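Given the structure is predicted, the values throughout are model-derived calculations rather than measurements. The basis for the numbers below is simple: all heavy atoms, side chains too, and nothing from hydrogens, waters or symmetry mates. Just so it is clear: chains get the letters A, B, ... in the order the sequence lines come, proteins before strands, and each one is counted from 1.
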There are 2 protein chains.
Amino acid sequence: MDRRQEILEAASKSFSLFGYKATTMDQVAKIANVGKGTIYTFFENKEILFQEIVVKLILEMKLAAEQEIETSRPFQENAHNVLMKILQFREVHQLYAKLVEEEKELRTPTVQTMLIRIEKEIVSYISEKINIAVDKKELCPCDSELVAFLLFKSYIGLVADWGETHDSELSEERIAALFRDTIFKGLLP
Amino acid sequence: MDRRQEILEAASKSFSLFGYKATTMDQVAKIANVGKGTIYTFFENKEILFQEIVVKLILEMKLAAEQEIETSRPFQENAHNVLMKILQFREVHQLYAKLVEEEKELRTPTVQTMLIRIEKEIVSYISEKINIAVDKKELCPCDSELVAFLLFKSYIGLVADWGETHDSELSEERIAALFRDTIFKGLLP
DNA sequence: AAAATGACCAAATGAGAATATTGGTCAGTC
DNA sequence: GACTGACCAATATTCTCATTTGGTCATTTT
């Protein structure tokens, strides 16, 4: 069997279960049934190995997002579904959730860097979708990069931070209604 | 002279200069030219003393915000000015800036609690202003609490977090334009 | 000979004892 | 009776030393 692939799977499993810092190369070697040295013939170091796994995570997330899109539906609805899916991904996907947790508690710098990379990817993905919608005249022309950033940060804020200052969680309908009445209303032609 | 007042000023100075954790009661006593025990005749404990100072900070901030408001101008403009003022306050005001820093680096729980309190106060202040604007038919009726939260989180995100993922800072005009074209455009009657 | 291995090493980390500081008290001073 | 600062338990910090870790490379396996 492909040793490289086995190592990737072992590392992915360990990162998902214990996080970046708590995963040792010895452990990865053991799970992959491989000598530790072998890992280094395929991956320069721990961080590079991690990077490759994060790239896979990003692809997975994009795939999950893409599945939420139904071209016949209005942009607003697709955008809402995609953003909610991504935020749900953040909580449900083992690896992503673990990294968010590690960043909050441990502040591992490598994890921090990688999470920023993921966020950048998300924002640029949304930005592309906005550009497409603008071309199709579904939206007014706008600073798509900025609007994407605004949407992402707003959704994160409402879903993840609202609980910090309020007792009850926000319902998805209330969030959808807010965006319908504010940002999207402003963006429609 | 008023001993209570002297203690407050000394504590305020020390909190601003060194943060909450690094400020010792001995130090406050020394700065205030007062025996340590005296502090405890006016304030139950360190946290209560801190609270009182934070309440003052909130008042100061509300005052600064209020000065940005010119009733003859449209809501949008006032809101932008108030929010920018608050964010500037976050960076410029010695005590507020120190607390934000301490929260980021040290994670002092007391500071965390107090910052949440300040944020709550800001959001509820903006929420009130929105309600007034709705009454005056300057804005559509809306979920003012949510819209205030959205505005605050968005502004914070754009001013404070944009730099994390991008090299150049956002200009104030670009921010203003974004909100004009999105959220506010949606809120206007 | 090419690929895989695991004993090995310097550097980082962790445990935990020893020490110093801190928030808070209260017997005594003024 | 307002005020003080030596005092105390509890927490925090520093220091030490043993362990663990990422990464290498001489040796073994295929």
Side-chain angles (χ1 to χ4, degrees), chain A residues 1-54 98-99 101-103 105-114, chain B residues 1-54 95 98-99 101-114:
Chain A
M1 226 264 231
D2 188 4
R3 286 170 116 50
R4 192 189 145 87
Q5 189 56 31
E6 285 186 313
I7 293 169
L8 272 174
E9 271 164 34
S12 194
K13 200 177 291 181
S14 185
F15 286 143
S16 301
L17 232 44
F18 310 112
Y20 178 75
K21 209 191 149 208
T23 289
T24 70
M25 294 304 259
D26 266 313
Q27 202 178 125
V28 173
K30 205 154 280 171
I31 297 177
N33 265 104
V34 149
K36 186 158 63 145
T38 308
I39 299 178
Y40 289 88
T41 67
F42 293 108
F43 305 94
E44 211 178 309
N45 55 43
K46 189 182 178 183
E47 205 167 330
I48 298 276
L49 174 61
F50 183 44
Q51 254 180 48
E52 187 141 341
I53 287 167
V54 167
K98 198 78 203 174
L99 295 182
E101 190 195 312
E102 191 170 348
E103 148 69 5
E105 329 263 71
L106 283 300
R107 298 261 168 127
T108 325
T110 306
V111 172
Q112 206 161 347
T113 311
M114 225 51 81
Chain B
M1 226 261 231
D2 186 4
R3 285 168 116 49
R4 192 189 145 88
Q5 190 57 32
E6 285 186 312
I7 293 168
L8 271 175
E9 272 164 33
S12 193
K13 200 177 289 180
S14 186
F15 286 142
S16 301
L17 232 44
F18 310 112
Y20 177 75
K21 207 191 150 207
T23 289
T24 68
M25 295 304 261
D26 266 311
Q27 202 178 124
V28 173
K30 205 154 280 171
I31 297 177
N33 266 105
V34 150
K36 186 158 64 145
T38 309
I39 299 178
Y40 289 87
T41 64
F42 293 108
F43 305 94
E44 209 179 313
N45 55 41
K46 191 183 176 183
E47 204 166 331
I48 297 275
L49 172 61
F50 183 44
Q51 254 181 48
E52 186 140 342
I53 287 167
V54 168
L95 176 56
K98 198 79 202 172
L99 296 183
E101 192 194 311
E102 191 171 348
E103 148 69 4
K104 234 184 21 193
E105 328 263 71
L106 283 298
R107 301 259 167 126
T108 326
T110 307
V111 171
Q112 207 161 345
T113 311
M114 225 50 82

Please report the distance, rounded to the nearest Å, between [atom1] in [X] and [atom2] in [N].
X: B/N33; N: D/dT4; atom1: CG; atom2: C1'; result: 13 Å
X: A/K36; N: C/dC9; atom1: NZ; atom2: C1'; result: 10 Å
X: A/Y40; N: D/dG22; atom1: OH; atom2: C1'; result: 5 Å
X: A/E44; N: D/dG22; atom1: CD; atom2: C1'; result: 13 Å
X: A/I48; N: D/dG22; atom1: CD1; atom2: P; result: 15 Å
X: A/F42; N: D/dG23; atom1: CZ; atom2: C1'; result: 17 Å

Could you check whether A/K46 gets within reach of a base, just the sugar-phosphate, or nothing at all, counting any heavy atom under 4.0 Å?
->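 Sugar-phosphate contact only.
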B/F50 and its side chain to side chain contact (heavy atoms under 4.5 Å, CB included) partner, picked from B/T23, B/T113, B/L99 =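 Result: among B/T23, B/T113, B/L99, B/L99 is the only option passing the side chain to side chain contact (heavy atoms under 4.5 Å, CB included) with B/F50.
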Just how far is it from atom [atom1] of [X] to atom [atom2] of [Y], taken to the nearest 0.5 Å?
X: A/R4; Y: A/L8; atom1: CZ; atom2: CG; answer: 5.5 Å
X: B/E102; Y: B/Q112; atom1: CD; atom2: CD; answer: 11.0 Å
X: A/T24; Y: A/F18; atom1: OG1; atom2: CZ; answer: 9.5 Å

Specify the residue among A/V34 and B/E47 whose closest nucleotide of DNA chain C lies further upstream toward the 5′ end.
-> A/V34
Hey, can you pull the residues of residues 4-31 of chain A with a non-hydrogen atom under 4.0 angstrom from DNA chain C?
->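 Within this stretch, A/K21 sit under 4.0 Å of the strand.
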Kindly confirm or rule out a cation-pi arrangement of B/K21 over B/F15, judged by NZ or CZ under 6.0 Å from the six-membered ring centre and within 45° of its axis?
->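 No, B/K21 does not sit over the ring of B/F15.
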What is the minimum heavy-atom distance between A/M25 and A/I39, and which atoms define it?
->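 Minimum heavy-atom contact is O-CD1, 3.7 Å.
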Using heavy atoms to find the nearest nucleotide of DNA chain D for B/G37 and A/N45 separately, return the residue whose nucleotide is more 5′.
->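 Nearer the 5' end of the strand: B/G37.
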May I ask you to check whether B/Q5 and B/E9 show a side-chain donor-acceptor distance below 3.5 Å?
-> yes
With the side chain counted from C-beta on, respond yes when A/K98 and A/Y20 share a heavy-atom pair under 4.5 Å apart, and no when they do not.
->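 Not in contact.
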With no hydrogens and no angle check, is any side-chain donor or acceptor of B/S14 less than 3.5 Å from a backbone partner on B/A10?
->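 The answer is no, because no donor-acceptor pair under 3.5 Å joins these two groups.
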Quick one: which protein N/O atoms are closer than 3.5 Å to N/O atoms of nucleotides 1-3 of chain C? Pair and distance per line, please.
none

